[in-house]
Structures are given as C-alpha cells and as structure tokens.
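Any value given below was found using the heavy atoms of this structure, including those in side chains, with hydrogens, waters and symmetry copies removed. Below, chain A is the first sequence line, B the second, and so on; all start at residue 1. Source: prediction; values computed, not measured.
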Protein chains: 2
Amino acid sequence: MSLVLDPAAQDLLFREARTANTFSSEPVTDEQIAAIYDLVKYGPTAFNQSPLRITLVRSPEARERLVKHMAEGNQPKTATAPLVAILSTDHEFHEELPQLFPHAPGIADMFFSERPVREQAGTLNATLQAAYFIIGVRAAGLSAGPMTGLDFAGVQKEFLDDDHAPLMVINIGKPGDDAWFPRSPRLEQEQVITTI
Amino acid sequence: MSLVLDPAAQDLLFREARTANTFSSEPVTDEQIAAIYDLVKYGPTAFNQSPLRITLVRSPEARERLVKHMAEGNQPKTATAPLVAILSTDHEFHEELPQLFPHAPGIADMFFSERPVREQAGTLNATLQAAYFIIGVRAAGLSAGPMTGLDFAGVQKEFLDDDHAPLMVINIGKPGDDAWFPRSPRLEQEQVITTI
C-alpha cells in the first residue's frame, strides 16, 4: 500500500464519489457548510492569499435569478439541488494579506500592487480552493455538481461586483435517483506522467 | 459532527498537513506517484477532460536545469526535495476526449474546436486537478510544496512544448527539520461566505 489515507476515505473522496446530476430533497445546512469551510480553509494557496469567496444561494428568488444564467442543460439540476453555491475569486484579496500573512506585511505591495497580477494569481489560487471545496463537500458525505456551463458575465452582474469574478457554480446535496452516468474512463498513467 | 470523513483523514489531508520547505532524504518512489495518480484521477473535471500532465524530474541533470528557472527563494528547496514534479496543462486535451467521454463523441468538435477555449477550460480544469494531486500527495503521507514563483516561459521552453503550459512546480517528500513556519491565520467564515 503506497497510500496512508485509509481506503474508506479514499472511496468517500475519490473512488466512489461522483458528480451528481439529481439530488434528494434532504436540506444542506449552514452547519455542514461551516464544517466544510473549517476543513478546507487549510488547503494551501500562494502566500496564503485565500482568494476564494462563496455565495450560498438560499432564497427561492435568488435561485430563480441564477437558473436563468445557467446553460440549458444545467438549469434543471440548478433549479432542484438542495443548495447551490457560486464560487468566485476576490481580485482584491491583497487587502486581507496583512491578516493572512502577518509575518511579512510587505508582500501585498511587493507582489500584488497590480490588478492584472492579482487577477491571474487570484484565479489560480481560488481554483485550487474550489477543488479543496469539492473535496470538502464529499468529506461531508454530500455530492458536489460543479458547473462551468453558465453565463459568467451575467452571474457576475447579477450577484457579484467588479472585484469578484465567478469561477463556477456548484450544486450540493445528497444524490437522488439515477444521479449519475457510469464512470467515464480516465487516462492511463503513461498518458499523463513523463519522467525526465 | 457535520463531516463524515474520519478525523484522522481530516488531519492527514488538511488540518495537520503543511507545505514543506525542507525535506528528509527518503526517496519518493514511482509506486507512490502511481498510487497518487490512481486515486486523484477520479477527481471531477468538465466533460472529464482531464487536461493535467505531470513531468517527474528525476535526473540530476534535469533538476539542475529546472532550478535555474525557479525564483531565488524557491531554488534551495527545489534543489534538495526528494522529487520535483512540473504540473502542466495540455492545451490539446480534446484529442483524448473520444477516450475520456465516449458516450458523446461530438463534444470535442462542439465545444473545444478553438484553441483559446481549450486554453481557458484546460487551465481551469488542470488547476482543479493540481489541487487533487496536492491532496493525493498528502494521502500518501508525503508533504507537497507547490510553487508558482518561477519563470513559466523558461520552464515551458526548457521542458515542454507549445501545447503544454506549466501550471506550477511541486516539491514532494517527507518533511525535514524545521519544515514549516507556524500556521498562518485563515479568513473567518463571514469573510468568505455570503448567503443570498
């Protein structure tokens, strides 16, 4: 065994976890989301910049406004998932760096004074955090349904502001009937890994 | 308890796992990397596009060439880590879609015929996979040291080609002496999560 992580955890997070397309009616609570965040907030980002922001779409009115911006194939599941979250990148994440990286207060000015640099670094690091969040949803025994089939400009205008760019929308809940297709094949080791 | 994942696994992957700056001399084997890949390959990507590619830098000669392209502060750890991996995005990932998404053979043409679209989708999804890989390194009981402080164009030219863009370089191994600084603070729930 080359892995230390116990097999049940491997199954829960990767081997048996699947992207759900249908969900049960069981609610996803604020306590569950808080527990997920309190776990995945420790995932690493460059300079601990932690640029991911999470918008929980709880009101029926907000849900309705969101569904309109989703690609047609994503609309039914976004309309019916117990909880939907908009994940976004805060392009002004450097404002929190004195709190996040207190032992080197100069780094915000040294590396992140320019907006394009923050947008690029922020997008990369928030995307890492989005993956940690997906793993965290699974750690809570829930299925995640991450989607990038949506009108990004429309979602930004409807729910966010110029400093927050949407990354993806995630449906969250217990899987329902026929929640997924058969698992698609993955690439073989030799298609992915090269040794030099 | 809102999480289903057992506390030892939470600690291994998130709470006690840290980004290592020094490493022990214990080697990282091909078997460990294979086991990590065989776990994290199941992490979700859009249309199962799986655009992440991994270059293991095993020869001293290749390591020396890589170190030159790292930011000065990253050079000592990249020179001494038991194993270093270059993670990159394959911008021609659509060529593998017939294998990866066999039930809808038309999607490569439908969504990914244009290179800029592939670059954007590929970067996002490979970055998700980079995060899964970091989690997988931790699942193997190893520390990951992901770095974006490097000359990306230089690394691409030295080791990759026009179709493969570097995402980050990761040092991998068992932590050594004084491997990390004290844990930096994370953002509070209310700084990250908004409910609408």
Side-chain angles (χ1 to χ4, degrees), chain A residues 2-6 9-10 12-15 17 19 31-35 37 39-44 46 48 50 52-59 62 96 99-103 121 124 127-128 130-132 134-135 139-141 146 148 159 181 184-187 189 191-196, chain B residues 2-6 9-10 12-15 17 19 31-35 37 39-44 46 48 50 52-59 62 96 99-103 121 124 127-128 130-132 134-135 139-141 146 148 159 181 184-187 189 191-196:
Chain A
S2 291
L3 297 181
V4 171
L5 185 68
D6 86 274
Q10 296 177 29
L12 180 71
L13 301 182
F14 288 103
R15 293 194 205 280
T19 294
E31 290 66 32
Q32 286 173 301
I33 297 296
Y37 176 71
L39 180 69
V40 302
K41 69 183 180 186
Y42 293 115
N48 194 33
S50 309
L52 183 73
R53 303 293 178 264
I54 300 167
T55 305
L56 302 178
V57 182
R58 286 224 177 263
S59 77
E96 271 61 61
Q99 171 189 353
L100 291 166
F101 211 67
H103 52 289
L124 174 78
T127 305
L128 293 174
Y132 306 146
I134 291 167
I135 300 293
T148 50
F159 297 104
F181 308 108
S184 293
R186 262 45 177 187
L187 295 174
Q189 300 265 351
Q191 294 179 284
V192 174
I193 302 174
T194 308
T195 300
I196 58 175
Chain B
S2 292
L3 297 180
V4 170
L5 184 69
D6 86 274
Q10 296 177 30
L12 180 71
L13 301 182
F14 288 103
R15 292 194 205 279
T19 293
E31 290 66 33
Q32 286 173 300
I33 297 297
Y37 176 71
L39 181 68
V40 302
K41 69 182 180 186
Y42 293 115
N48 194 34
S50 309
L52 183 74
R53 303 292 177 265
I54 300 167
T55 305
L56 302 178
V57 182
R58 286 225 177 262
S59 76
E96 270 61 61
Q99 172 189 352
L100 291 166
F101 211 69
H103 52 289
L124 174 78
T127 305
L128 294 174
Y132 306 145
I134 291 168
I135 299 293
T148 50
F159 297 104
F181 308 109
S184 293
R186 262 44 178 187
L187 295 175
Q189 300 265 352
Q191 295 179 284
V192 173
I193 302 173
T194 309
T195 301
I196 59 175

> What residue in A/Thr195, A/Leu187, A/Asp6 has the most heavy-atom pairs under 4.5 Å with chain B?
Replying inline: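 The candidate making the most pairs under 4.5 Å is A/Leu187.
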> For the candidates A/Ala139, A/Pro146, A/Ala35, A/Gly141, which exhibits the highest count of non-hydrogen atom pairs separated by less than 4.5 Å from chain B?
Replying inline: A/Ala139
Please rank [options] by heavy-atom pairs under 4.5 Å with chain A and give me the top one.
{"options": "B/Gln189, B/Gln191, B/Lys41", "value": "B/Gln189"}
{"options": "B/Gly43, B/Ala17, B/Ser50", "value": "B/Gly43"}
{"options": "B/Leu39, B/Thr194, B/Leu13", "value": "B/Leu39"}

>> Determine whether a donor-acceptor pair (N or O, by modelled atom type, separation under 3.5 Å) exists between the side chain of A/Glu31 and the backbone of B/Ser2.
In response: no
Portion of [X] that has a non-hydrogen atom of chain A nearer than 4.5 angstrom:
{"X": "B/Ala9", "result": "both"}
{"X": "B/Ala34", "result": "both"}
{"X": "B/Pro102", "result": "side chain"}
{"X": "B/Ile134", "result": "side chain"}

Over all heavy atoms of both residues, which pair between [X] and [Y] is shortest? Give the atoms and the distance, please.
{"X": "B/Arg15", "Y": "B/Leu3", "value": "NH2-CD1, 4.1 Å"}
{"X": "B/Tyr132", "Y": "B/Pro44", "value": "OH-O, 2.9 Å"}
{"X": "A/Ala130", "Y": "B/Leu128", "value": "CB-CD2, 4.2 Å"}
{"X": "A/Phe159", "Y": "A/Ala62", "value": "CZ-O, 3.6 Å"}

>> Would B/Ile196 and A/Arg58 count as a side-chain contact (heavy atoms from CB on, under 4.5 Å) here? Give the steps.
In response: CA-CA 6 Å; B/Ile196 59 175; A/Arg58 286 224 177 263; over 6 Å; no
Between [X] and chain B, which part of the residue has a heavy atom less than 4.5 Å away: side chain, backbone, both or neither?
{"X": "A/Ile135", "answer": "side chain"}
{"X": "A/Thr19", "answer": "side chain"}
{"X": "A/Thr127", "answer": "both"}
{"X": "A/Leu52", "answer": "backbone"}
{"X": "A/Leu12", "answer": "side chain"}
{"X": "A/Glu96", "answer": "side chain"}
{"X": "A/Ala46", "answer": "side chain"}
{"X": "A/Leu100", "answer": "both"}

> Any side-chain heavy atom of B/Pro185 within less than 4.5 Å of one from A/Phe101?
Replying inline: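 SC-SC contact between B/Pro185 and A/Phe101 ruled out.
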> What is the distance from atom OH of A/Tyr42 to atom CG of A/Asn48, rounded to the nearest 0.5 Å?
Replying inline: 10.5 Å
